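The structure under discussion appears below in the form of structure tokens.
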There are 2 protein chains.
Amino acid sequence: MIKVNKQRLSLQVYDILKKMIADHRFSPGARINVEQITKEVGASRTPVWEAVHRLIQEGLLENIPNRGVFMLTLTPKVAIELYVVREALEGLAARSAVPNANERVLKKMAKLIDDQRKMVEGGDLVGYSRLDYEFHALVYELSGNRTLLEVLGTVKNKMRPLALHITPILSRLLEDHMEILAAFQARDADRAEAAFRNHNLKMIEQIKQNMNPDEWEEVQVGHGVGKKNSNSDVGDARSK
Amino acid sequence: MIKVNKQRLSLQVYDILKKMIADHRFSPGARINVEQITKEVGASRTPVWEAVHRLIQEGLLENIPNRGVFMLTLTPKVAIELYVVREALEGLAARSAVPNANERVLKKMAKLIDDQRKMVEGGDLVGYSRLDYEFHALVYELSGNRTLLEVLGTVKNKMRPLALHITPILSRLLEDHMEILAAFQARDADRAEAAFRNHNLKMIEQIKQNMNPDEWEEVQVGHGVGKKNSNSDVGDARSK
DNA sequence: CTATCAGTAATTTCATGAAACACGAAATAT
DNA sequence: ATATTTCGTGTTTCATGAAATTACTGATAG
């Protein structure tokens, strides 16, 4: 049986573009030729632009007036900012989730971790990522806070362009997950929050090690509050 | 002199609608007649729909296919969720901001609090709200975390429909601000975070008192993770 | 060699007719 | 009466021509 595609065109385009971004089909700073996309997907300008606007609003693309639409470059500064915010939100999620954990969920968590171990042993980064995503999503759901779920979604969305640039040490992330599970099993909200925060702090360390230190611009101890840095580095990126 | 508005039409409409929502020009669940808006603002459907779509995406409006666009009802459950998330984010903002505080900023904070006191004494709720907003914005900026600023912006955005339904006891909020300032003056990040969190917890209490208790649906200790509650109450709202 | 300017081309937004869609009301059949 | 189908109506999305805006190009003058 053939299913008809019921979704609005603009949403389809949005999904296509988001997938392309997630798959790193555009390098940072690269130009997105909107007109070409309309041709490729066989739609008209209206729905395509609607999708592009949404991605711009979400901070994945950038529009330089009358020059074009560009893939936003995720600077190390912003990357760390994202993880700092995520740390707070995931800490909250973990804390809220602990009281709601039941045996069934704990089993599921254990199963996921077990599967993750296999992926790590097999060196399957992509497979691991998917399970990692599921593991986190499970905790978010368990928090029972729909709003938190949404906000975390948008934050993690913005991280997508990052994924390829930092290669985490999988075995260590796995240890974190085990600690998280242990905290849940002990019904210890403080410990769960700490474990989740720790998970993120490790990623921040990872970023700092992987990236050019003189690009950091000091997130935590940021001196001024000026706006001068917000766009300048992106501007450089739009080569070609 | 008549200023020509250089901004994109869709953005203007977006701002207009957002302002109308903030001013409670639409009651919760009320239908937004998109066609009428196009007439009122003298624009065509395209930019108006773009604005409406954005508001839908931001969770302020809701689209029931081919029935119309409706003002979303903020349930007490969601309201509390929002404050729980905000608590975590503002706590982070405060903590990050403390190390960046200098004399100039502290002066500014003191000045804002002083102005707030006048508003409280004069019973000017609107005036107070504006200063309250500035006070918070000052801390967000000071955190130096642009991403945090953005996320907090979207969260507070979603709270807008709430403002009128809970009438806070201004004098107590003012006390909180004073405690926050004291924490900053003492350069005590823990204390600042606690003060900010406390500020939000009070609001949550306020909501619980102001609203019908049997609508709460238990946010913190939410039992299941089911999705059954996510939309049902909204559906009811689309009367008429 | 630099600056200025006009013409050109590309991007982006907007207006509007038309199509698609979903619901309810009526009409028809069971 | 109940079920099914058709039709009308209002909503929503889409396609496309046109207009507005501005970057780029290259020529000319200083």
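Numbered from 1 within each chain, the chains take letters A, B, ... in sequence-line order. What you see is a predicted model, and the numbers here were worked out from it, not measured in a lab.
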Check: Where each residue is assigned the nucleotide of DNA chain D containing its nearest heavy atom, which of A:Asn66 and B:Ile32 is assigned the position nearer the 5′ end?
Finding: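 Result: B:Ile32.
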Calculate the interatomic distance between [X] atom [atom1] and [N] atom [atom2]; express it in whole Å.
{"X": "B:Glu62", "N": "D:dT11", "atom1": "CD", "atom2": "C1'", "answer": "15 Å"}
{"X": "A:Ile37", "N": "D:dA15", "atom1": "CD1", "atom2": "P", "answer": "15 Å"}
{"X": "B:Gln7", "N": "C:dC14", "atom1": "CD", "atom2": "P", "answer": "10 Å"}
{"X": "B:Asn33", "N": "D:dT11", "atom1": "CG", "atom2": "P", "answer": "6 Å"}
{"X": "B:Glu50", "N": "C:dT12", "atom1": "CD", "atom2": "P", "answer": "13 Å"}
{"X": "A:Lys39", "N": "C:dA10", "atom1": "NZ", "atom2": "P", "answer": "11 Å"}
{"X": "B:Arg8", "N": "D:dA20", "atom1": "CZ", "atom2": "C1'", "answer": "14 Å"}
{"X": "A:Gln36", "N": "C:dA10", "atom1": "CD", "atom2": "P", "answer": "14 Å"}

Among [options], which nucleotide sits nearest the side chain of [X]?
{"X": "B:Glu35", "options": "D:dA15, D:dT11, C:dT12", "value": "D:dT11"}
{"X": "A:Trp49", "options": "C:dT11, C:dC21, C:dT12", "value": "C:dT12"}
{"X": "A:Pro47", "options": "C:dT12, D:dT22, D:dC14", "value": "D:dC14"}
{"X": "B:Ser10", "options": "C:dC14, D:dT13, C:dT13", "value": "C:dC14"}

Using a cut-off of strictly less than 4.0 Å, decide whether [X] has a side-chain nitrogen or oxygen near OP1 or OP2 of [N].
{"X": "B:Ser44", "N": "C:dA15", "result": "yes"}
{"X": "B:Arg67", "N": "D:dT11", "result": "no"}
{"X": "A:Arg45", "N": "C:dT11", "result": "no"}
{"X": "A:His53", "N": "C:dT12", "result": "no"}

Point to revise | Minimum-distance pair of heavy atoms, taken over all atoms of A:Ala88 and B:Leu92 | key: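 Looks like CB-CD2, 3.9 Å.
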| said: Show, in sequence, the C-alpha distance, side-chain angles and deciding distance for B:Arg86 and B:Glu81, and conclude whether the salt bridge (charged side-chain N to carboxylate O under 4.0 Å, His left out) test is met. | reply: CA-CA 8 Å; B:Arg86 179 170 159 179; B:Glu81 282 184 4; over 6 Å; no
Given DNA chain C, 5'-ward residue of the pair A:Val69 and A:Thr46, judged by closest heavy atom:
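Its nearest nucleotide lies further toward 5', so the answer is A:Val69.
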task: Go through the steps for B:Arg54 and B:Glu50 under the test salt bridge (charged side-chain N to carboxylate O under 4.0 Å, His left out), then give the verdict.
output: CA-CA 6 Å; B:Arg54 190 162 158 196; B:Glu50 187 173 332; over 6 Å; no
With side-chain contact (heavy atoms from CB on, under 4.5 Å) as the criterion, how do A:Met71 and A:Ile21 come out once you've worked through the C-alpha distance, each side chain's angles and the decisive distance to 0.1 Å?
CA-CA 9 Å; A:Met71 187 67 209; A:Ile21 291 171; 3.5 Å; yes
**Request:** Scan side-chain atoms only and decide if A:Glu90 and A:His199 contain a donor-acceptor pair under the 3.5 Å cut-off.
**Result:**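 Distance-only check fails for A:Glu90 and A:His199.
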